[in-house]
Amino acid sequence: MRPVIRDVSLVLAHAPSFVRLGSKPLRELRRVDAPLGYLLPYLRDWDAACGYAPNQVFIGNVGVDDLAAHATPWHRHPVGGAQRFGPDGEIMPEHEFLGLLAACDGFDLLALDRDVADRARTALDTHPLIGRDSGRPAVPSGVAPDVIRERIEKHRAVPLLGVDGRLLGAMLPGHDEDDTLTGQVLMENLACKATAALALRHLLARPGAVAATDVRYVINCGEEAVGDRYQRGGGNVAKAVAEWAGCTRATGSDVKAFCCGPMHALMLAGAMVASGLHDDVVVLAGGSLAKLGMKFQGHLKHEMPIVEDVLAGFAAHVARDDGTSPVLRLDAVGRHEVGSGSAPLAVVKALYTEPLGRLGLTLLDVDRFSLELHNPEATEPAGSGNVPLNNYRTLASLAVVEKLIERADIGQFVRTRGMPGFSPTQGHIASAIPYLGHALRGLTKGTLTRTMFTGKGSLFLGRMTQLSDGISLIVERNG
Amino acid sequence: MGLEDQAAVKRVADEHGSDVVVLLGTPDAESTQTLAQTVVTGDPSYAGPLAGVPLGLPVLHVFEPEVKDQVPGDVYEAQVALMEMSLDRDAILAGLREARKTATT
């Protein structure tokens, strides 16, 4: 039984107040005299984040080719009539996201200010998918400001300050003597759970979607390592999210491989379906709070808004062949193996030439390649270059080496088979996944025949191996 | 160049003195120019360990013929050729020439 990808959801939560809690801003702001005012001029409101063209591509309202033609810089040329909801998901405003966070907190560790909680509840209760009657946990009542302050001063709660410096709430630690359960760590884990849960509810709300109770297995490939001091990455976000979304007959587990995690997870989900172990598997991930504002210094230097102000999430449904949904080709998985080494030529051959060759295909048989899709407007001001463009040019160079195109055609290969980066720098999610919604539409209703998704992981960052990682997957038209 | 990398370059230069050559693999003209400047005249942003420290180290880019000629052809093919084809080699080397010119004036 060959597996198909039935559907995918891609969501963003606008979280400008959480930018100060991102790893880089948190460290840098300690050295600043007036940290609140320091970032204030560079934090965007929701209208700006919603109208930001890359975000509109992320939720499927704008196509990748339309983005390539969109005026730059994107932050100065908002999309006219931009909508919160799109075919792939939504861009949730922060005041509502606060309510979602509180509703995902099963241990009452996050306390919101009373007024903040009331506003969040009112907003979230009218949400079309996770509203009051959706069966989700309620947004708990807020507390008085002096209670929040006491938690911060006496119980080491992490304060959550609004963009303007107002005290919105605080996150208590889960234990007095556990560095893996500090308020900061738990806030990161909760943000990951909440955005993954939002994505899953979007997926389950699609017309013809699998019933929540028919989902039998959930694989989480988000970045957070949930655990305690005796088992730092113990898990299991997958099951926590499945519980929240009402997948009562599901179990699950977490898959980790740095930014390559989603590709491993999709492959494993496909294998579960192909083997007959489970008919309906969901792969999902929430956002990385630690990566908010990661390149903010470059944005300040260039007097532009901090565009890394959104948390991302996705969920994909992998199922038995239904005759119409795009097929996940398990017979042509590209693998960066232990022995593949780090030489660029060997790596790209392992990820592209070898799996395509197994099917008797070449690079020219793939309509679109989805690689790391980091938004260059986030990375270039910080000197990190245009990651997607560089990778697409490397791929095109492989086509030259394989004598498929002339060197003079590299630019055209990049334009027609690649795309501009449009993903927030949310690591694992930026790694190929954001194009999946566009690809599924193109492979069913559009003109695409075959797409290829490649994730890479910087395993060496964890200091246990010098290796990197990579998996590529072919997703193609059914029939 | 990041603060940790600056510290590493300084440590190696302190330990080995004039035997050190810096070999760049930078992907564009701007980063080439900045890194070359950092290891020759000091950190231009005055933020890292090389701020105000003119190491004056010889600096080369892996795309330069002087380097390429010393690498076995098959090794260069496997390790560097793909990147050389995909990046703007001429602009990178122009950036390096500019940095060298600045360092000598």
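Reminder, nothing fancy here: chain letters follow the sequence lines and each chain counts from 1.
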note = The reported gap from CG in B:Leu82 to NZ in A:Lys349 (rounded to nearest 0.5 angstrom) is 9.5 Å

query = How long is the gap from CG on A:Asn390 to CG on B:Asp28, to the nearest 0.5 Å?
reply = 7.5 Å

message = Tell me the closest heavy-atom pair linking B:Ser86 and A:Ser397, and the distance in Å.
response = CB-OG, 3.2 Å

query = Hey, which of B:Glu84, B:Glu77, B:Glu30, B:Gln79 has the most heavy atom pairs under 4.5 Å with chain A?
reply = B:Gln79

request  = For each of A:Pro344, A:Gly341, A:Ala346, tally heavy-atom pairs with chain B at distances under 4.5 Å, and name the one with the top tally.
outcome  = A:Pro344

Quick check on [X]: does its [atom1] atom have over 12 non-hydrogen neighbours (other residues, nucleotides or ligands) under 6.0 Å away?
{"X": "B:Glu4", "atom1": "CD", "value": "no"}
{"X": "B:Glu66", "atom1": "CD", "value": "yes"}
{"X": "A:Arg232", "atom1": "CZ", "value": "no"}

ask   = Taking B:Met85 as the fixed residue, which of A:Leu398, A:Thr394, A:Ile410 is the one that meets the side chain to side chain contact (heavy atoms under 4.5 Å, CB included) rule?
value = A:Ile410

task = With a 4.5 angstrom heavy-atom cut-off, could you sort out which part of A:Val348 is near chain B: side chain, backbone, both or neither?
result = side chain

